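Note that this is a predicted model, so its numbers are computed, not measured. Computation of the quantities below employed the complete heavy-atom set of this structure, encompassing side-chain atoms and omitting hydrogens, waters and symmetry-equivalent molecules. In the text below, chain A, chain B and the rest are named by the order of the sequence lines, each starting its count at 1.
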There are 2 protein chains.
Amino acid sequence: MQHSAQFSTRQRILGAAEELFAERGFAGASLRQVTAAAKVNLAAVNYHFGSKDNLIEEVFRRRLDELSRRRLERLAQLEAAGNASLETVLDAFITPALELSLDRKGGSVFMRVLARAFAEHNSNLRNFLSENYGHVLKDFAASFARLLPQLDKEELYWRLDIAVGALTYAMADFGMIQRRSGESERAHREQMAKHLIHFTAAGLRA
Amino acid sequence: MQHSAQFSTRQRILGAAEELFAERGFAGASLRQVTAAAKVNLAAVNYHFGSKDNLIEEVFRRRLDELSRRRLERLAQLEAAGNASLETVLDAFITPALELSLDRKGGSVFMRVLARAFAEHNSNLRNFLSENYGHVLKDFAASFARLLPQLDKEELYWRLDIAVGALTYAMADFGMIQRRSGESERAHREQMAKHLIHFTAAGLRA
DNA sequence: CGGCGTTTCAAACAATCGTTTGAAGTCTAG
DNA sequence: CTAGACTTCAAACGATTGTTTGAAACGCCG
């Protein structure tokens, strides 16, 4: 590998793939559409990633490595400071995703790609995500268990399952609420995060 | 159209398509896979439905016509009897979907297909669903507005948006909770509905 | 400047895609 | 029993799919 040239090509492919996967799904976006959008040669995908499936995994890895790190970092800070509450722990989960969404170019579409992964029954993809990033959900679940000692394990898992659904759906912006014309993207998503934390905390507590 | 023969073929195609769309997505499931699973000739799809896109719409229509009717029927009964509460209105929305899921053969996968529709950015599909079944969500939203008069319109819509996400995700069974070995499918889904109503009511009320 | 990994490129691969065709088959009404 | 509408069928259409190929272009080091 060289230092300069392949960087741009790899990154351009990943960006275009992310966008098209969000818009048309993994099967719906062809490599020709991806390479055309990235303005690179068709063969570059197989040269840099080996196959379409590997490209899909790499699209996840590029974002999830840092997202997971930040989430766990915030969670650890809360636990260390003794500030853990339903609201702050939910915030630790949501805010890094929010910041990713607001990152210049492409961050917001990634949450849609992530939501698509839930819809896919594809066991390869689910195993990849579970093996590499499952520990994040595990740590958060442990934190919630401490904060909701009155709930037995089964009750807790039901509620967490529902909460993950609400978070996934909302962060992917699947809903009907549109950003108001005068409102910035940042303000819109911060509003969403605020309502999401409030709603989900109440549901967990209920 | 004849009375007997085409019925079986049409229905077999719809059933197989529903199952494969749930498993692999609309783009991921080919007509050859569908017709092979349905044990009919490849050309039968275009003969009976005209195109793949029309087949997709028909998969939705077959289930949503009755599902919407039952939901509105229950909602009207509640309003007429003066029994409307957050819990009963949520029940009116969820229970018909639950019954569909428990219907013999295929009902349970349809909720997964429906959830995929949310993930698709496809504007044709979204318009089709919004035009034909949007009034159901409208009626329920009006009912919730009456039950939550302390919330202004914007606050209410945020919460309903989040609630729809939680319901969609959960009914599609995207979560991590697996049915316990001793437990029947019916018992599992009834548990889910119970927790879903409890969680969502608390979130709306919060 | 010459040589050598690295990357890009146009072209082609077999396979599969949604759709169309026209003939063969099936059924019912007269 | 026959006429005619309806349905099924094998086969093929051109377009598009992911992937591979070998040569051309590139960039760096000696």
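- Residue B/His48 has a polar side-chain atom (N or O) positioned under 4.0 Å from OP1 or OP2 of D/dT8.
- Candidate nucleotides D/dT19, C/dT19, C/dC9 were compared by shortest atom distance to the side chain of B/Asn46, and C/dT19 ranks first.
- The separation between B/Leu31 atom CG and C/dG18 atom P is 4 Å, rounded to whole Å.
- Across all strands, A/Ala44 comes closer than 4.0 Å to no nucleic acid atom at all (heavy-atom distances).
- Between A/Phe140 and A/Phe93, the ring centre distance stays below 6.0 Å.
- A residue-by-residue look at A/Ser51 and B/Leu42 shows that B/Leu42 has its nearest nucleotide of DNA chain D further toward the 5' end.
- Under 4.0 angstrom from either OP1 or OP2 of D/dT17 there lies at least one side-chain N or O belonging to A/Ser30.
- One interatomic measurement links the two molecules: CZ of B/Arg32 to P of D/dC9, which rounds to 16 Å at whole-angstrom precision.
- Taking 4.0 angstrom as the limit, A/Thr9 places a side-chain polar atom (N or O) nearer than this to OP1 or OP2 of C/dT8.
- One finds no side-chain N or O of A/Asn41 lying less than 4.0 angstrom from the OP1 or OP2 phosphate oxygen of C/dT7.
- When rounded to the nearest whole Å, the span between NZ of A/Lys39 and C1' of C/dA10 equals 20 Å.
- Rounded to whole angstrom, the span from the CG atom of A/Leu55 across to the C1' atom of D/dT19 amounts to 14 Å.
- Here D/dT8 presents its P atom at 11 Å from CZ of B/Arg10, a figure rounded to the nearest Å.
- To the nearest angstrom, P of C/dG18 lies 12 Å from CG of B/Leu20.
- Between A/Phe199 and B/Phe199, the ring-plane angle classifies as tilted under the 30° and 60° cut-offs.
- One atom, CD1 of A/Ile13, and another, C1' of C/dT8, lie 11 Å apart when rounded to the nearest Å.
- Judged by distance alone, the side chains of A/Asn127 and A/Ser123 never bring a donor and an acceptor atom under 3.5 Å apart.
- Aromatic ring pairs are classed by plane angle as parallel below 30°, tilted from 30° to 60° and perpendicular above 60°; the pair A/Phe60 and A/Phe26 is tilted.
- In this pair, A/His188 and B/Trp158 present their aromatic rings tilted. The plane angle is within the 30 to 60° band.
- Distance A/Tyr47 OH to D/dA25 C1': 13 Å, rounded to the nearest Å.
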